[in-house]
Peer 1: 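Let me give you the structure first, and then I'll get to my questions.
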Amino acid sequence: MSRTLSIIVTGRVQHVGFRYFAMKEASALNLTGYVRNMENGDVKIIVSGPGELLDDFLISIRKGPGWARVDDLKIQELPDEEFEGFQIK
């Protein structure tokens, strides 16, 4: 069953390759959606796909790329949404 999540990632997540990392992880799992920087220094991810693959994605996002420091994930379930691929915005 497909689900769509909104994930706000806090910590040292800008200027460390986090958006590219998220896109690479999502694409490897065939998930769709987008990732973007927020003005307050957080990163926002909207991601859609099968629940078990979303769980794998969340495990990766909690770790982040080498230079990042993920302090917290704020996760919200959204109405299911269709996206074409996964993009950096």
Side-chain angles (χ1 to χ4, degrees):
M1 186 172 124
S2 188
R3 297 167 48 208
T4 300
L5 300 177
S6 168
I7 307 164
I8 304 295
V9 188
T10 61
R12 187 174 61 229
V13 292
Q14 290 192 15
H15 311 295
V16 292
F18 198 92
R19 290 178 301 159
Y20 177 77
F21 173 82
M23 182 184 71
K24 190 179 89 177
E25 295 295 316
S27 297
L29 294 167
N30 290 316
L31 299 173
T32 60
Y34 64 87
V35 59
R36 69 170 192 207
N37 284 340
M38 298 175 66
E39 288 182 17
N40 66 359
D42 295 344
V43 168
K44 180 175 187 172
I45 303 170
I46 303 293
V47 62
S48 185
E52 63 276 2
L53 295 179
L54 289 175
D55 292 341
D56 292 343
F57 180 72
L58 288 171
I59 289 167
S60 295
I61 292 302
R62 275 181 174 60
K63 293 177 186 169
W67 295 105
R69 185 194 73 242
V70 176
D71 292 339
D72 191 30
L73 300 182
K74 294 179 180 75
I75 303 167
Q76 270 189 312
E77 190 93 23
L78 298 177
D80 200 24
E81 196 170 336
E82 293 284 324
F83 298 96
E84 198 166 309
F86 194 92
Q87 301 175 6
I88 294 174
K89 290 191 173 186

Peer 1: Using the side chain to side chain donor-acceptor pair (under 3.5 Å) criterion, which residues pair with Glu82? Sequence neighbours excluded.
Peer 2: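 Residues passing side chain to side chain donor-acceptor pair (under 3.5 Å) with Glu82: none at all.
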
Peer 1: Distance-only check: which donor-acceptor pairs under 3.5 Å involve side-chain atoms of residues 70-77, not counting sequence neighbours?
Peer 2:
residue, atom, partner, partner atom, Å
Asp71, OD1, Arg69, NE, 2.8
Asp71, OD2, Arg69, NH2, 3.1
Glu77, OE1, Arg3, NE, 3.4
Glu77, OE1, Arg3, NH2, 3.1
Glu77, OE2, Arg3, NE, 3.1

Peer 1: Does one side chain, of Thr10 or Asp42, offer a donor that lies under 3.5 Å from an acceptor on the other?
Peer 2: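 Looking only at side-chain atoms, Asp42 and Thr10 do not form any donor-acceptor pair under 3.5 Å.
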
Peer 1: For the residue pair Phe21 and Gly64, what are the closest heavy atoms and their distance?
Peer 2: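 In this case the closest contact between Phe21 and Gly64 is CE2-CA, 3.6 Å.
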
Peer 1: On a heavy-atom basis, which atom in Ser2 and which in Ser48 lie closest, and how many Å separate them?
Peer 2: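 Nearest pair, atom of Ser2 first, then Ser48: OG-OG, 3.8 Å.
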
Peer 1: Looking at every heavy atom in both Lys44 and Ser6, which two are closest together, and how far apart are they?
Peer 2: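 The answer is CE-OG, 3.9 Å.
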
Peer 1: Output the rest of the hydrophobic cluster of Ile8: all Ile, Leu, Val, Met, Phe, Trp and Tyr residues reachable through side-chain heavy-atom contacts under 4.5 Å, sorted by chain and number.
Peer 2: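 Cluster partners of Ile8: Met38.
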
Peer 1: Which donor-acceptor pairs under 3.5 Å do side chains of residues 50-63 form with protein atoms, sequence neighbours excluded?
Peer 2:
residue, atom, partner, partner atom, Å
Ser60, OG, Glu25, OE1, 3.0

Peer 1: Looking at every non-hydrogen atom in both residues, tell me the closest pair between Ala68 and Val16 and how far apart they are.
Peer 2: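 That closest heavy-atom pairing would be CB-CG2, 3.7 Å.
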
Peer 1: Do Val43 and Ile46 sit in one hydrophobic cluster, given that two such residues count as connected whenever their side-chain heavy atoms are within less than 4.5 Å of each other, even indirectly?
Peer 2: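 Cluster IDs for Val43 and Ile46 differ.
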
Peer 1: Going from CD on Glu39 to CD on Gln14, what distance comes out if it is rounded to the nearest 0.5 angstrom?
Peer 2: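 It is 10.0 Å, given to the nearest 0.5 Å.
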
Peer 1: Minimum heavy-atom separation for Leu5 to Leu78, with atom names?
Peer 2: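 Here Leu5 and Leu78 meet closest at C-CD1, 4.2 Å.
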
Peer 1: Identify the heavy atoms of Gly41 and Val13 that sit nearest to each other, and give their distance.
Peer 2: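 Looking at all heavy atoms of both residues, the closest pair is O-CG2, 3.5 Å.
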
Peer 1: Rounded to the nearest 0.5 Å, how far does CZ of Arg12 lie from CZ of Phe18?
Peer 2: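 Reported value, rounded in 0.5 Å steps: 12.0 Å.
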
Peer 1: Please say yes or no: joined through hydrophobic side-chain contacts below 4.5 Å, possibly via intermediate residues, are Val47 and Ile88 part of one cluster?
Peer 2: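 Looking at the clustering, Ile88 is in the same group as Val47.
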
Peer 1: Enumerate donor-acceptor pairs with a distance under 3.5 Å from any side-chain N or O in residues 29-36 to protein atoms, sequence neighbours excluded.
Peer 2:
none

